[in-house]
Amino acid sequence: MNRIGVFVCHCGLNIASKVDVEKVAEYASKLPGVAVAKDYKYMCSDTGANLIKESIKEHDLDGIVVASCSPRMHEHTFRGVAQDGGLNPFTVEITNIREQCSWAHEDPEEATEKAKALVRSAVSKATMLEPLVASRTPVVPEAMVVGGGIAGIQAALNIADSGFKVYLVEKEPTIGGRMAQLDKTFPTLDCSSCILTPKMMEVYHHPKVELMTYSEVESVEGSIGNYKVKVRKKARYVDLEKCTGCNECALACRLKDRITDEFNMGMGKRSACYISFPQAVPLKCTIDPKSCLMLRFGKCGDGPLCVKACEPGAIDFTQKDEIVELNVGAMVVATGYDLLDPDAMFELGYTRSEDVITTMELERLISSSGPTHGEVVLPSSGKKPGSVTFILCVGSRDETQCSWCCRIGCMSALKHVYLLREKLGQDTEINLCYTDIRSFGKGYEEFYRKIRGKNTNFFRGRPSEVRVKKEGMLIDIFDTTTDKLFEIKTDMVVLVPALVPRSDSEDLSRKLRLSRSADGFLMEAHPKLRPADTFVNGIYIAGCAQSPKDISDSVAQAGAAASRALSILSKEELENEPLIAWVDPEVCAYSARQLNDVTGIAEVDEALCAGCGACISACPSNACTHKNYTKQQLVRMIDEVV
Amino acid sequence: MRLGLFPGCLMPTEQYGYEISLRKVLPLLDVEIVDVGDLSCCGEPLKSINQMLTLTLSSRSLALVKKEGLDLLVPCPMCHLALSEANRVFKEQPEMASRINEKLSGEGLSYDGSVKLLHIIDLVHDVIGLEKVKALVKKKLPDLNMATHYGCHIFRPKELGRPVDSENPQKMEAILASVGIRSEDYAEKLDCCGGPLLPVHPETSLTKTGQKLAAIQEQGFDGMALACPWCHKMYDSKQKKAGETVGAKLEVPVLYLTQILGLAFGIDEGDLGLELNQSPVEKVLSKGEEVGA
């Protein structure tokens, strides 16, 4: 005979206002198999927990039913209470008489009857509960970080500094990401490279970090504590050991100054062999197979000039992509963002005038390592602009493009105003068309105040069109602060485009089985309480891969993701969730289901199973079942209610 | 191809040149125009006052056209918009649709949103095709650079699905190119003709008209090509007044697209209603040569 204890919670008035909890407890006490039934105001409180623990001892209970809120809230709590009281934690059954009863019903009598039925149902299952023991998986104490921007670098450093090996995988030839393309950062106007490059060097030289640049994640198998990752190391056609980063090959290349330079956002030209920027890490050349004549046609004039120019003989056209297998316990995904292509908005003139550029292009114009060595000139004529107009929220906060705020546009534009005033002097007119100035971070509002003193015209409104004239451009802007229509004549338009997920983020999320939110960014497990977790255990996210954010927030989230990864890596082994599906080997007699060569059955990998139950309903021979959600258990519960 | 014609109100009452020219040009392109009797106003002018009436009027005409089993040519962009909106309601709002049909039942009519609507531009560009247009060219027009003007209702609202792109319409340019006429893009291309403001704020209205014509004249265009009777009224019939309003001497020849096609197809100038145009169209006429002559 079972000895079940039933504990009915009032949840203050949440349950007790509709359900007569005392009656429910009294009813429960008379059910077969129930040794004791009690009600209490807050069962989840310390006093409530003690009540349960004492009852276990006093009545020698072998199972517990808690009638309270959703098991999502306190199942974990009551399992712990049962364990402290000396029971197996899986002999606890929660029945939800709050969300699914007291909150859902108007009539107290009906609610009480329903609560009774729910309790009766739960008791019937509790008499059949099996004590379960969690199996354990050893943890591989190494991590992989995908994405070598500031978030990825920071996460890698945090993990490595704690003594764990990290593989930092970056698809570009150099780490540094978007931050490396920036000239200055807001609101402090720190030189972006000056604060980033020390971190790049640190991660490069860290004994616990293995840098894998020009590499991409090919596939991922396994589960938390033990992921098996295949990484494609793309052929660089340059021997990293031999290359000294002297750049002579790039200077010698037959295609010098003819290939669109992605790092400079298409504002400059590079060679087919190239180093993205002077502080690249690793400072090694890469040959672009899409443009190199040798790699495309097997022939480059009367012989490749780069080979002649390379003194250490590092160039190797025979290199092939290499697949490297990694075994890691946890991962951090920090793959960053793309900028919305303004081609999508014909009306803003990006396709019609060279002098309509994006913020990132302006960033490269301002940068001393950029195509103009830091001189801000009109791309069409090379002349100094007499007037520059910023258009904020290009595609952002726009139902037809991206409904979200990019969170960095306002501040980046204000920063540019400051930098342009420095570079172009007082003669240049600067206009800024904004929706709202969102200067929300520490020191941001103060920075905005400072820029307002910089002789800048602020228009609150969105231009519907940039009219491209033979000379210069015209913008009609209706300023909603003065209710007046203004016409701006300007030489250069800087669009501040929306931040969008990386173009390959869908592909990567599929490989890692990560969910994405409606906007396409990687989805966090909980927007407030688990911002760096994903729904896949052991994979954490940081930076703009999760949502648009600035550098400080990216670094903060990288720290959070690293600490979450460390919480796995620091354990020798992990407990597996015992409430999972399993295959009953006695039922499954068919060799057709033979997946395991040794046992001859279609086994369930305990570490992988999330207990979703999908396989159970799919199995035609009833061979699959779910621990503590067996058909017998559930049918009996239903019988009691119906 | 047989198409019903929705004349609208402006074309049969003052913008005769549009109707005359399209009735001359379309048969050459193997389009037979069928006059469906008893059509109503499209309803668009009433939209801000009584939307139900607007939709009922549109649907009534469409129901009559459906009875004839025809698709419908709507040369006026504003009528095209009103009728498209009615078609949308029949596709997306069944409750509204049944209310409209209730009203139509008094006349023994009913509608279902099935009549396909065409404007001159998509008829020529998408349905007939530019190859056929090219093949019909009989007269080489002088080297002209015509500014195109579409008329707002033909390209917006985008969500409704319009015959041309709402930000970068290029179909009229392509049609003109197929008869050997250049039409460069210009900054003011999508600007409003001012027409909708004419009854309530004439000065603002004519300022809009004048500004655009002045910009076209300044940029050295030979004239303006359009396919909207309302816009034609503003740019052609009101050109002199618009010039006075903005203080400019305007001499911009304004022609319907169908008039230009007619000229290229070798139709006699006198048969295209050109004498009804108020703007100095003679500036672009008469210099053409016979192809192959």
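Sequence lines set the chain letters: A, B, ... in the order given, protein chains first and strands last, and positions in each chain run from 1.
Counting heavy atoms of neighbouring residues, nucleotides and ligands inside a 6.0 Å radius, atom CZ of Arg99(B) does not exceed 12 of them. More than 12 heavy atoms of other residues, nucleotides or ligands lie within 6.0 Å of CD in Glu244(B), so this atom counts as buried by the packing criterion. Within 6.0 Å of atom CH2 in Trp404(A), more than 12 heavy atoms from other residues, nucleotides or ligands are found, so the atom counts as buried in its surroundings. Within 6.0 Å of CD in Gln51(B) there are 12 or fewer heavy atoms belonging to other residues, nucleotides or ligands.
Minimum interatomic distance between Ala187(B) and Arg467(A) (heavy atoms only, all atoms of both residues): CB-CB, 3.5 Å.
For residues 147-178 of chain B, a heavy-atom distance under 4.5 Å to chain A picks out Glu167(B), Asn168(B), given by residue number.
Residues passing the side-chain contact (heavy atoms from CB on, under 4.5 Å) test with Glu95(B): none are found, sequence neighbours excluded. Remark: Tyr418(A) engages no residue in a side chain to side chain donor-acceptor pair (under 3.5 Å) (not counting sequence neighbours). Take Ser380(A) and apply the side chain to side chain donor-acceptor pair (under 3.5 Å) test, not counting sequence neighbours, and it matches Asp355(A).
Rounding to the nearest 0.5 Å places CD of Glu347(A) at 9.5 Å from CG of Leu190(B).
With respect to Glu188(B) and Lys469(A), a salt bridge is recorded, a charged nitrogen being found less than 4.0 Å from a carboxylate O.
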